Amino acid sequence: MPRSVLGRGFVAPSDKLNIAGIGAGGKGESDIAEMAKSPHVNIVALCDVDDRQAVNSRKKFPKANYYKDFREMLQKEKNNIDACTISTPDHTHAVATLAAMQLGKHVYTQKPLTHDIYEARILAQAAKKYKVVTQMGNQGASGDGVRQSKEICEAGIIGDVYEVHAWTNRPIWPQGVPKPTGNHPIPKELDWNLWQGTAKADDYNPAYVPFNWRGFWAYGTGALGDMACHIMDPIYRILPILYPESAECSIANQWTGMNQPANNNFSCPTSSIIHLVYPRLDKKGKINVSWYDGGLLPQRPEELLADEELGNWDGGCLFVGTKGKLLMDCYGAKPRLLPTKVMKETTMPKATLKRVPEGHYLQWVNACIAGYGKGETSSPFEYAGPFTESLLMGNLAIRSAMYMDPTVSGWGKDPFTGRKKLLWDAENMKVTNFDVANQFVKREYRDGWGTLTL
């Protein structure tokens, strides 16, 4: 039947993108809702291990089939779906994403792309192998701010960038706390075994579910994992860098006595400062990148007036170049030269980079409909994979700094033997000067969850 007969604005079923949502509550709920704003989208399946979290999505999409295990959903719905959103806790991102890709499904995966460095490398390779449209959920990557910042830098207005500072107000969930204990009944709506996924089996505790898992290494990636994909995207997108050659950090110490450092390495620290050193791809030296979280901030640049904001309440990013400085808010928004009066005195470069008026979500939807290689996304895994690897080097430094050598004890002796600069062999994904750190590059999955291979 000719489309003209069907009426203006009608979208034929054959032109619809059928999407399944893995993770239907919390961020998953909003991700699915954003995709559904397109008239070209059908939400045909929903999956969540916790029925309580899925209530709103199930009400909004009553025709969507509902599952608790994404593996079952993918097998039963593989002929009915074209794409998947993955909005689970960090430790499940990689396995769910790869399973969908291996079935030829386009994927939108929340940030951070993965929990581990190794997983990020695999997903980047998988995107190329399986020829699917991919997008990591760092929405600022599709914003105007990062594009304007790139145009300013490419115009040479601040010269060659040699130093960058980025910060966040996170964590806004518990960190630096001991492993939760106690005997707690598992809610009947929650499949705790499935929720744990690839992580080692542990007792249920309401301290983890539904949100505070972010602060525990078994499931989350802390403040860095939560926010750096947003705040540091301009750094990675604009500057000529790929992988850091070294990483070091300082973290908030906790003590249980005069000479008894707390060993809370089940949880991310309350605050940290991370220093990454990147060799420039253009061979013009190196770029030093520093990250601050837990309320810590870089020193205010002297060009910023005393009452002017350093970024915004959520965080920010500061580029330091040989000719000037560029300050951005969280998500790379509102770029401004320092001192801020310079913005009025400087002729801004013309917009040369394509903007994304439809936004991050619908950009991915439209690229999926266009087909692999025909559309465009701001954070395809070919970009998001190396970017995530780079960021997770910071967590590698933190976990090494929190490692306590059980053979070192006594007054004046430091059991934290990993508090050093870690030297990184990016090609082989290996720390070359502190082998203990390499256990955090790639986790061993729990029995029944296999290994992550192409």
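It should be emphasised that the depicted structure is a prediction, and the values quoted were computed from it without experimental measurement.
The distance from atom OG1 of Thr85 to atom CD1 of Ile22, rounded to the nearest 0.5 Å, is 7.0 Å.
Nearest heavy-atom pair across Asn138 and Asp233 is ND2-OD1, 3.4 Å. Of all non-hydrogen atoms in Phe381 and Thr97, the two that sit nearest each other are CE1-CG2, 3.6 Å. In this structure, Ala223 and Gln175 approach most closely via the heavy-atom pair N-OE1, 3.4 Å. In this structure, Tyr292 and Leu297 approach most closely via the heavy-atom pair CD2-C, 3.9 Å. Nearest heavy-atom pair across Trp364 and Tyr108 is CZ2-N, 3.5 Å. Here the shortest heavy-atom pairing between Phe216 and Cys268 reads N-SG, 4.3 Å.
Of the options Thr109, Leu74, Leu103, Val132, a side-chain contact (heavy atoms from CB on, under 4.5 Å) to Cys84 is made by Leu74 and by none of the others.
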Inset, instruction - Quick one: do Ile117 and Lys442 satisfy side chain to side chain contact (heavy atoms under 4.5 Å, CB included)? Show the steps, please. - result: CA-CA 7 Å; Ile117 291 172; Lys442 176 185 177 183; over 6 Å; no
Inset, instruction - Tell me, with the steps shown, if Thr453 and Ile122 meet side chain to side chain contact (heavy atoms under 4.5 Å, CB included). - result: CA-CA 7 Å; Thr453 56; Ile122 291 294; over 6 Å; no
Inset, instruction - Might you work through the side chain to side chain contact (heavy atoms under 4.5 Å, CB included) test for Gln439 and Val431, ending with a clear yes or no? - result: CA-CA 10 Å; Gln439 66 183 297; Val431 172; over 6 Å; no
Inset, instruction - Test side chain to side chain contact (heavy atoms under 4.5 Å, CB included) on Asp293 and Met227 and set out the steps. - result: CA-CA 9 Å; Asp293 61 42; Met227 292 304 294; over 6 Å; no
Inset, instruction - Evaluate salt bridge (Lys or Arg N to Asp or Glu O under 4.0 Å) for Asp425 paired with Lys430, printing each intermediate quantity in order. - result: CA-CA 5 Å; Asp425 176 357; Lys430 183 178 181 180; over 6 Å; no
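A distance-only check finds a donor-acceptor pair linking the side chain of Ser267 to the backbone of Gly176 [under 3.5 Å]. At least one donor-acceptor pair closer than 3.5 Å links the side chain of Asp48 to the backbone N or O of Ala24. With hydrogens and angles disregarded, no donor-acceptor distance shorter than 3.5 Å links the side chain of Glu29 to the backbone of Asn56. Judged purely by atom type and a 3.5 angstrom limit, His106 has no side-chain atom pairing as donor or acceptor with the backbone of Thr134. Lys111 places a side-chain N or O within donor-acceptor distance of the main-chain N or O of Asp226, the cut-off being under 3.5 Å. Between the Asn205 side chain and the Thr181 main chain, a donor and an acceptor come within less than 3.5 Å of each other. Between the side chain of Arg355 and the backbone N or O of Leu353 there is at least one donor-acceptor pair closer than 3.5 Å. Panel note: side chain His93, backbone Pro112; a donor-acceptor pair is recorded below 3.5 Å.
Every residue two or more places apart in sequence or in another chain was checked for a ring pair (Phe, Tyr, Trp, His ring centres under 6.0 Å) with Tyr162, and none qualifies. Lys334 meets the salt bridge (charged side-chain N to carboxylate O under 4.0 Å, His left out) test with no other residue; sequence neighbours excluded. Applying the side chain to side chain donor-acceptor pair (under 3.5 Å) criterion to Tyr403, with sequence neighbours excluded, gives no partner residue. Qualifying side chain to side chain donor-acceptor pair (under 3.5 Å) partners for Thr432, counting only residues two or more places apart in sequence or in other chains: none. For Glu245, the salt bridge (charged side-chain N to carboxylate O under 4.0 Å, His left out) test picks out Lys286, with sequence neighbours left out. Applying the side chain to side chain donor-acceptor pair (under 3.5 Å) rule to Glu77 yields the partners Asn65, Tyr67, Asn80; only residues at least two apart in sequence or on another chain are considered. For the side chain to side chain donor-acceptor pair (under 3.5 Å) test, residues two or more places apart in sequence or in another chain that qualify with Tyr66 are Asp51. Applying the salt bridge (charged side-chain N to carboxylate O under 4.0 Å, His left out) rule to Arg446 yields no partners; only residues at least two apart in sequence or on another chain are considered. In terms of the salt bridge (charged side-chain N to carboxylate O under 4.0 Å, His left out) criterion, Lys78 has no residue partners (sequence neighbours excluded).
In this structure the side chain of Ser400 never reaches within 4.5 angstrom of the side chain of Val436, judged on heavy atoms. Between Glu308 and Pro339, the closest side-chain pair of non-hydrogen atoms is not below 4.5 Å. Annotation: side chain of Ser378 is in contact with side chain of Arg147 (closest heavy-atom distance under 4.5 Å). Considering only heavy atoms from C-beta on, Trp195 stays 4.5 Å or farther from Asp50 through its side chain.
Between Lys354 and Glu151 no salt bridge is recorded (no basic side-chain N to carboxylate O distance below 4.0 Å). A salt bridge links Glu303 to Lys325: at least one charged side-chain nitrogen sits closer than 4.0 Å to a carboxylate oxygen. A salt bridge links Asp116 to Arg443: at least one charged side-chain nitrogen sits closer than 4.0 Å to a carboxylate oxygen.
Separation of the Trp192 and Tyr204 ring centroids falls under the 6.0 Å cut-off. No close placement of the Tyr372 and Tyr130 rings is indicated, their centers lying 6.0 Å or farther apart. The six-membered or imidazole ring of Trp449 lies away from that of His91, with a centre-to-centre distance of 6.0 Å or more.
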Enumerate, atom names and distances included, each donor-acceptor pair closer than 3.5 Å involving a side-chain atom of residues 311-322, sequence neighbours excluded.
{"unit_1": "Asn312", "atom_1": "OD1", "unit_2": "Asp314", "atom_2": "N", "d": "3.3"}
{"unit_1": "Asn312", "atom_1": "OD1", "unit_2": "Gly315", "atom_2": "N", "d": "3.3"}
{"unit_1": "Asn312", "atom_1": "OD1", "unit_2": "Cys330", "atom_2": "N", "d": "3.3"}
{"unit_1": "Asp314", "atom_1": "OD1", "unit_2": "Arg170", "atom_2": "NH1", "d": "2.3"}
{"unit_1": "Thr322", "atom_1": "OG1", "unit_2": "Asp160", "atom_2": "N", "d": "3.0"}

When the side chains of residues 387-399 are checked against the rest of the protein, which donor-acceptor pairs come out under 3.5 Å, sequence neighbours left out?
{"unit_1": "Thr388", "atom_1": "OG1", "unit_2": "Ala384", "atom_2": "O", "d": "2.7"}
{"unit_1": "Glu389", "atom_1": "OE1", "unit_2": "Arg121", "atom_2": "NE", "d": "3.3"}
{"unit_1": "Glu389", "atom_1": "OE1", "unit_2": "Arg121", "atom_2": "NH2", "d": "3.0"}
{"unit_1": "Glu389", "atom_1": "OE2", "unit_2": "Arg121", "atom_2": "NE", "d": "2.6"}
{"unit_1": "Glu389", "atom_1": "OE2", "unit_2": "Tyr243", "atom_2": "OH", "d": "3.4"}
{"unit_1": "Ser390", "atom_1": "OG", "unit_2": "Tyr278", "atom_2": "OH", "d": "2.2"}
{"unit_1": "Asn395", "atom_1": "ND2", "unit_2": "Thr221", "atom_2": "O", "d": "3.0"}

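Within a 6.0 Å radius of NZ in Lys421, no more than 12 heavy atoms belonging to other residues, nucleotides or ligands are found. Heavy-atom neighbours of Asp414 CG from other residues, nucleotides or ligands within 6.0 Å: above the threshold of 12. In Asp282, the CG atom is crowded: over 12 heavy atoms of neighbouring residues, nucleotides or ligands sit closer than 6.0 Å.
A salt bridge (Lys or Arg N to Asp or Glu O under 4.0 Å) check over residues 197-206, counting only residues at least two apart or in different chains, returns the pairs Lys179-Asp202.
Side chains of Gln363 and Glu376: no donor on one and acceptor on the other come within 3.5 Å. Under the 3.5 Å distance criterion, with hydrogens and angles disregarded, no donor-acceptor pair is assigned to the side chains of Arg336 and Ser149.
A cation-pi arrangement is present between Arg237 and Tyr383, with the terminal nitrogen or guanidinium carbon under 6.0 Å from the aromatic centre and inside a 45° cone about the axis.
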